[in-house]
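Values below: every heavy atom of this structure, side chains too, minus hydrogens, waters and symmetry copies. To find a chain, count down the sequence lines: A is the first, B the second, and so on, and within it residues start at 1.
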Amino acid sequence: MAKGSYKNKHQDKVQENNSQVPVYEHLLPPKRTKSPYEAKLMDILLEPTNFKKKFMELKLDEQLAMNQLLAETIEYGKNNNLKGFVKDFAEGAEYLLDNIHEIAGTEYDKGVFTKINRDEKRLIRMECHGTINLRTPHQLSVFYKFFNKPENKGKWNLRAYDMKKSPMWRVFMQFESFRKITPEIRKYMQKKGINPDALKVMTVSDFCDVIFNAYQKSFKETKVSFLPEGESIKAKYVKEFMRRCGEQYKKIKLEDAEQRGIRPEAVESLCNAMRLWGITDPNKITVTSFVYTPHILKDLKKAGYDVQDIAVGSPIPQEFTDYLVMHHQERLIQARDENDKVITTEGLEGEELHHIGAVLIAASNGYLARTNYPDMFVLVGQRYHKKYIHYYDRILKHNDEEEFYQRLIIKNKRTRAMLGFGKNKWILADFENNGEFKKREEEDKLYIVNYNKMTAERLKNEVETATKYNINYTKVVITQKLEEIKSIRENPKIDIQGFEGEYIKWLKGQKKSRRQKKDESRKEKKQMGQKNKNVKQKKRHLSDEELMQIAVAKMKKGMRKR
Amino acid sequence: MKNFLQYLEGKSFRAGEPLEKEAVIVAQKVLYNMGMDFIPQTYVAFLKHYNGIKANGSYLFGATVDDDLDIIDQNEQLPRPENVILLGCNEFDYLVYNYVLKEYQIIDREDFEVLEKYEEKELGNALNEIFNV
């Protein structure tokens, strides 16, 4: 990379006075996203006949820049009192943007939604990836910290760990992935000697900490997988997608790669990684060769494989490639170009997982597990995902109360992958139509719980546990609890009136007892101070000889200690 | 941050070109002209190790010519709430620095709800939260 390249890239933004003002400048918003394709795009916009055809002839980056330029122009038109041709241009942009949505098979979706809780969001994400992060101490509850102190640990029978009695674990158990690990978590808690009473008061974050510790392989790990490799919801979706639509996907990717000068070996290796491990990121894969080369034969021989009868140039069987990939040995057949240089995936774009219905909308009916179902996912290209699909996401508030969302939705519900603009980049399939999926759906429905109801139950349990173990709340904890109560109160579906009054009364009691304790300790300190004062005064009345005796005794005591 | 750097060892991901001093100045200047504050020092310290990284749908932005990782491009192109600089994202969330509250935040990509807060010295935890590898 040449020195100063970054400065060159953003030269127009760094220079204070840019004298080269384009002729179309007055038509566009003054504060807009600068794009290197602007002149080319404006040629089309100033002569928009056959817009769809011209748009489809653009490269993906240019198409995305066109989308952004039109959206910003429309916004500019709406917020400013434009006149004449400038006004016409902004209005025309709206029509052209509709054309893009038509090509993309997308439309705006707007509506009211009930917000889901932060913990619920966290659970959806964790289930999707199958990973959990290290928790920081401030994220853990006062109870969990209490039960983790060595002096509060002990030995309990495994049967004492009834996970169904834990309101927050029941929130976890709505998801198949967490149900699978429930026996492990039970055993781990018993092994660690955590009092089973903790289950009733543990929060989602506390359980995250338990899962993290249970699955951490080395102390260096700050993120752990609680599911076997390739078994997360995301990985399973990708593997299923490749099983059903792999050929179609590969065809589209190969066509695209050819246009962009990317080696087919890179596409093939990405497809293998997706099919076998559910990995969609090209950066994580090694490109494997189609044929045996002297280099490969040497490496295989070194690794103990019998290569005696294999001729240079003969194709590597797919089964053998799969075997090596499954055993993380794909480096043995790493692809190299004519100059013996390792072929990489440079330039090859991978896919990201897109939730068809926004997480918060899909889950707002309380059926959280539904959000991670295969018919809720679409694989989309990285750039397309970020700069088109999510570009129109908005949350709008009305009178500071009701919340509305706006986002783009993919019209065809059977879409399982969208690799760019235009129908030829879509892959359609029905995923939910199989026995395994139906079984999961039936089972999930049995475990649905309401988060707020469970939180209210946990708070009730806290009163009992705090009293039983004489656990006092700090000022920070009391504030947190009041916030929790407030968030439950905001949910109209939950009636906590009876409980709320009692709980707040109890919290006030905690506050009072804190104050009392503080007063007592202050009093105690005062008394101690008085005592010391008395001693000092007493000392003043002692004779020199007596004082000397005390000093010698103190010295002796100090020496003994040393 | 040490833990996060250790975590990255042996993981496969793509990183931007090594950080140039001038690139940081350019990024700071452009972001400031866009109405934002400067990139926090703790994050710049991370960029000295890895000038932007991407893997598995997760991104940490840097002062790099790689469009996907360029902190200027991303802050220009992605929707973001007020008073924050976008520093990274994954399929669900953004990593941002709130320069008014002087803290790192993990926020929901859809509704910008603040999911986690981290003090400046806790950058490692925030990076760990956003980078799913």
A:Tyr6 versus B:Gly62, closest heavy-atom pair with distance:
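Scanning both residues, the minimum pair turns out to be OH-O, 4.1 Å.
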Exercise: identify the closest heavy-atom pair between B:Pro79 and A:Tyr391: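 Smallest interatomic distance, heavy atoms only, reads CG-O, 4.5 Å.
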In terms of side-chain geometry, is the basic nitrogen of [X] or [Y] positioned less than 4.0 Å from the acidic oxygen of its partner?
| X | Y | result |
| --- | --- | --- |
| A:Arg118 | B:Asp108 | no |
| A:Asp281 | B:Lys54 | no |
| B:Asp73 | A:Lys9 | yes |
| B:Asp68 | A:Arg383 | no |

| task | Name the region of A:Glu352, side chain, backbone, both or neither, that has any atom closer than 4.5 Å to a heavy atom of chain B. | result |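 It is both, since atoms from each part get that close.
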Select one option (side chain, backbone, both, neither) describing which atoms of A:Ser218 are under 4.5 Å from chain B's heavy atoms.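 Answer is neither: A:Ser218 stays 4.5 Å or more from chain B.
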As an exercise: rank [options] by heavy-atom pairs under 4.5 Å with chain B and give me the winner.
| options | value |
| --- | --- |
| A:Glu351, A:Lys387, A:Arg32 | A:Lys387 |
| A:Lys234, A:His385, A:His390 | A:Lys234 |
| A:Leu353, A:Thr286, A:Ile279 | A:Leu353 |
| A:Thr33, A:Thr222, A:Asp61, A:Leu64 | A:Thr222 |

- Task: Hey, could you give me the OG1/CZ distance between A:Thr344 and B:Arg14, rounded to the nearest 0.5 Å?
- Result: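 These two atoms lie 5.5 Å from each other.
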- Message: Nearest 0.5 Å, please: how far is CG in A:Leu134 from OH in B:Tyr7?
- Response: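 The OH atom of B:Tyr7 sits 12.0 Å away from the CG atom of A:Leu134.
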Contacting moiety of [X], where chain A heavy atoms sit under 4.5 Å:
| X | answer |
| --- | --- |
| B:Phe112 | neither |
| B:Glu9 | neither |
| B:Glu129 | both |

- Verify the neighbour count for atom CZ of A:Arg331: are there more than 12 heavy atoms of other residues, nucleotides or ligands below 6.0 Å?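 Counting neighbours around CZ of A:Arg331, 12 or fewer heavy atoms of other residues, nucleotides or ligands fall under 6.0 Å, so no.
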How about B:Tyr32: does its OH atom have over 12 heavy atoms from other parts shown lying under 6.0 Å from it?
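No, not enclosed.
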>> Would A:Lys223 pass as a cation-pi partner of B:Phe4, given that its NZ or CZ must be under 6.0 Å from the six-membered ring centre and within 45 degrees of the axis?
In response: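 No, cation not above the ring by the 6.0 Å, 45° rule.
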Close contacts, residues 114-127 of chain B versus chain A, judged by heavy atoms under 4.5 Å
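Heavy-atom contacts from residues 114-127 of chain B to chain A are B:Val114, B:Leu115, B:Glu116, B:Lys117, B:Tyr118, B:Glu122, B:Asn125.
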Partner of B:Asp93 by side-chain hydrogen bond (donor to acceptor under 3.5 Å, both in side chains), out of A:Lys121, A:Arg122, A:Arg125: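 Answer to the side-chain hydrogen bond (donor to acceptor under 3.5 Å, both in side chains) test with B:Asp93 among A:Lys121, A:Arg122, A:Arg125: A:Arg125.
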If you count heavy-atom pairs within less than 4.5 Å of chain A, which of B:Ala63, B:Ala23, B:Pro18 leads?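 Maximum pair count with chain A is reached by B:Ala63.
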- Query: With a 4.5 Å limit on heavy-atom distance, are the side chains of A:Lys386 and B:Glu91 in contact?
  - Reply: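 Not in contact.
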Cut-off 3.5 Å, side chains only: do A:His129 and B:Asn90 have a donor facing an acceptor?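 Not at all, the side chains of A:His129 and B:Asn90 share no donor-acceptor pair under 3.5 Å.
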